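Notes to accompany the following structure.
Below, chain A is the first sequence line, B the second, and so on; all start at residue 1. Note that the coordinates shown come from a computational prediction; the quantities given were computed from them, not determined experimentally. Basis for what follows: all heavy atoms, side chains included, without hydrogens, waters or symmetry-related copies.
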There are 2 protein chains.
Amino acid sequence: MIAKVKPINQVACKDCILSTLCLPIALKVEDIDTLDSIIKRGKPLRKGEHLFFQGDTFSSIYAVRSGALKTYTTTDDGVEQITGFQLPSELVGLSGIDDEHYPVSAQAVETTMVCEIPFERLDELASTLPELRRKLMQIMSKEIREDQQMMLLLSKKNADERIATFLLNLAARFRRRGFSSQAFRLPMSRNEMGNYLGLAVETVSRVFTRFQKNGLIDANGKEVLIKDSMTICSLAGGKPVNQANDSLTG
Amino acid sequence: MIAKVKPINQVACKDCILSTLCLPIALKVEDIDTLDSIIKRGKPLRKGEHLFFQGDTFSSIYAVRSGALKTYTTTDDGVEQITGFQLPSELVGLSGIDDEHYPVSAQAVETTMVCEIPFERLDELASTLPELRRKLMQIMSKEIREDQQMMLLLSKKNADERIATFLLNLAARFRRRGFSSQAFRLPMSRNEMGNYLGLAVETVSRVFTRFQKNGLIDANGKEVLIKDSMTICSLAGGKPVNQANDSLTG
DNA sequence: CGTGCAGTTGATAAAGATCAAACACGGTGG
DNA sequence: CCACCGTGTTTGATCTTTATCAACTGCACG
């Protein structure tokens, strides 16, 4: 784990390994430099530190560079709902554009570095760089699509299906970033997972245990190994392989 | 109900009563005409007709002019989840921008007229009209915010709170459009409401009956009268007025 | 070597789904 | 004009899932 890495937080967009996933995608080289020039790079956030709080004045969106964030809303009576986890190259803060204030809080779930992108500047840039404008709209459109898939999950899927969907989603995101989609480390706690998926911690724990007992995964704390992705897939997508339910998850 | 109205479907943006709610907001008069020039106005959709289907090639976004739409996703195994209802001045299709295809189907829940806005043209226009670009981003940002509030509802609220939240949300949207927020007609069926809110039809029906019994509302089919908006508010926002739970909803 | 928190496991309870049946009503055809 | 039908809605009885409560485990950290 410990290796001589160059200070990742100072890497420019054009040298960043995430550039093909992040905002710079589809930009010309010289345009990437322009984008780069407006980005501020701060010091790392330690686990538990906040990037911003719900109600803070909106001014910037952020790209995760390393680590992971969560965003969550809090109701008046203190109920919290995690609305998403952000991995490297993903943006956070987009839901604040419409308002003066962020409608969510953003907190590091592990040590995390971010690139701050002042929105005013980004917006100016978007007027001269059509590709950037399009990319921004695509990212927001994708977020809408994913949030709506989340509505489907929360409204129609049972505990097994929720966990299966969640694991596959993470796996796919890790793969895109060049990591294994079979074996990975969950950045969040069982509690956070449960909160996000609309399940009690105990239920999350039980499903993990059951999945393991039935040979779908190997889980050791936050380390997860996907052993039977076929079955997990079919769970996540609904119940197309219904006859497998008993022997595999029951 | 039957009155001599001019053919609403042919009204130009600048003469449309919705112009202060819809995309033209914040545009200069001459810019509104430009926007107007790219908009196509089709014939009305009857209840049940589709505007587009999940998987159709994305080409346009639509603004509802009269009536109401619903959007829904379908999983491989046929489970449907309604992801939203769109009232006049609201846009539909934004989740298709990122992909080649619409990720949802859009269907009229009552007789509905829409304005079609070819996205390519809109995107071109956005490059020359900064206000339009901003407005578009704001609308998408708002959609993200609302979808995330919906995640909170589906994950953390009970049946009473879901219905209360839903009624208040509709009421606010009607008010913005100049209609009464106390008395209105639900455009959707109990079934659609339940599907959207993650509840069985029977549960929706029972909550309506109970709300009525407790004097919170008067409901007659789709006609609803909000009688005790204070209590409904407190239900929707969580449980700040806890001592009222027994006598009012129990 | 405690102390504390995250995670697991078991027992019980509650909310809402499901199943079943009656009802309302708007439209159709005799 | 009225009986009939189908769909949407309501109501009641029962069942299932998962939340909740409680206790225990184990690992990390001071």
Side-chain angles (χ1 to χ4, degrees), chain A residues 1 46-48 70 79-82 109-111 153-164 166 185-214 217-224 235 239 245-246 249-250, chain B residues 1 46-48 70 79-82 107 109-111 153-166 185-214 217-224 235 239 245-246 249-250:
Chain A
M1 275 301 164
R46 276 164 305 177
K47 178 175 175 171
K70 70 175 180 193
V79 176
E80 284 185 13
Q81 173 65 37
I82 294 175
V109 296
E110 57 187 24
T111 303
L153 178 145
L154 292 170
S155 176
K156 300 285 183 296
K157 295 186 182 181
N158 65 27
D160 283 9
E161 293 164 350
R162 291 182 198 199
I163 302 275
F166 183 68
R185 181 186 164 77
L186 300 167
M188 72 293 292
S189 69
R190 298 280 191 274
N191 219 315
E192 290 168 325
M193 211 185 306
N195 181 293
Y196 179 57
L197 296 173
L199 298 171
V201 207
E202 294 94 327
T203 306
V204 174
S205 183
R206 280 184 247 269
V207 173
F208 266 75
T209 305
R210 189 144 30 84
F211 276 9
Q212 181 143 7
K213 211 173 288 175
N214 293 322
I217 63 170
D218 249 335
N220 189 344
K222 302 200 159 155
E223 300 293 337
V224 174
L235 271 173
K239 307 179 182 92
N245 265 1
D246 270 349
T249 73
Chain B
M1 275 302 162
R46 275 163 308 177
K47 177 175 177 171
K70 69 176 179 192
V79 176
E80 284 185 13
Q81 172 66 37
I82 294 175
Q107 186 181 21
V109 296
E110 56 187 27
T111 304
L153 178 145
L154 292 170
S155 175
K156 300 284 183 295
K157 294 186 181 180
N158 64 28
D160 284 8
E161 293 165 350
R162 291 182 198 199
I163 303 275
T165 306
F166 182 70
R185 181 186 164 78
L186 301 167
M188 72 292 294
S189 69
R190 298 282 191 271
N191 218 317
E192 291 168 323
M193 211 184 308
N195 181 295
Y196 179 58
L197 296 174
L199 298 171
V201 208
E202 294 94 328
T203 305
V204 174
S205 182
R206 280 184 247 270
V207 173
F208 266 76
T209 305
R210 189 144 31 83
F211 276 8
Q212 181 144 8
K213 210 173 289 174
N214 293 322
I217 62 170
D218 249 335
N220 190 347
K222 302 202 156 138
E223 300 292 338
V224 174
L235 271 173
K239 307 181 181 87
N245 265 2
D246 270 350
T249 74

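Atom NZ of K222(B) is separated from atom C1' of dT7(D) by 11 Å (rounded to the nearest Å). Separating the CE atom of M188(A) from the C1' atom of dG7(C) is a distance of 16 Å, rounded to the nearest angstrom.
When heavy atoms are screened at a 4.0 angstrom cut-off, S205(B) is found touching base atoms of the nucleic acid.
Residues satisfying the side-chain contact (heavy atoms from CB on, under 4.5 Å) criterion with S189(B), sequence neighbours excluded, are N191(B), E192(B), K222(B). For R190(B), the side-chain contact (heavy atoms from CB on, under 4.5 Å) test picks out L186(B), M193(B), V201(B), V204(B), F208(B), with sequence neighbours left out.
Once rounded to the nearest 0.5 Å, the distance linking CD of E223(B) with CZ of R185(B) reads 5.5 Å. Atoms CE and CG, on M188(A) and N195(A) in that order, are 11.5 Å from each other to the nearest 0.5 Å.
Side chain of Q212(B) to main chain of T209(B): no donor-acceptor pair is present (N/O by atom type, distance under 3.5 Å, no hydrogens or angles).
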What are the atom names and distances for every N/O pair under 3.5 Å that joins the protein to nucleotides 14-16 of chain D?
none

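Comparing the local axis fitted to the first five base pairs of the helix from dC1(C)-dG30(D) to dG30(C)-dC1(D) with the one fitted to its last five gives a bend of 30°, rounded to 10°.
Within residues 190-199 of chain A, the residues having any heavy atom closer than 4.0 Å to DNA chain C are, in order of number, R190(A), N191(A).
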Just by protein heavy atoms under 4.0 Å, how would nucleotides 20-27 of chain D read 5' to 3' in B, S and -? BB------
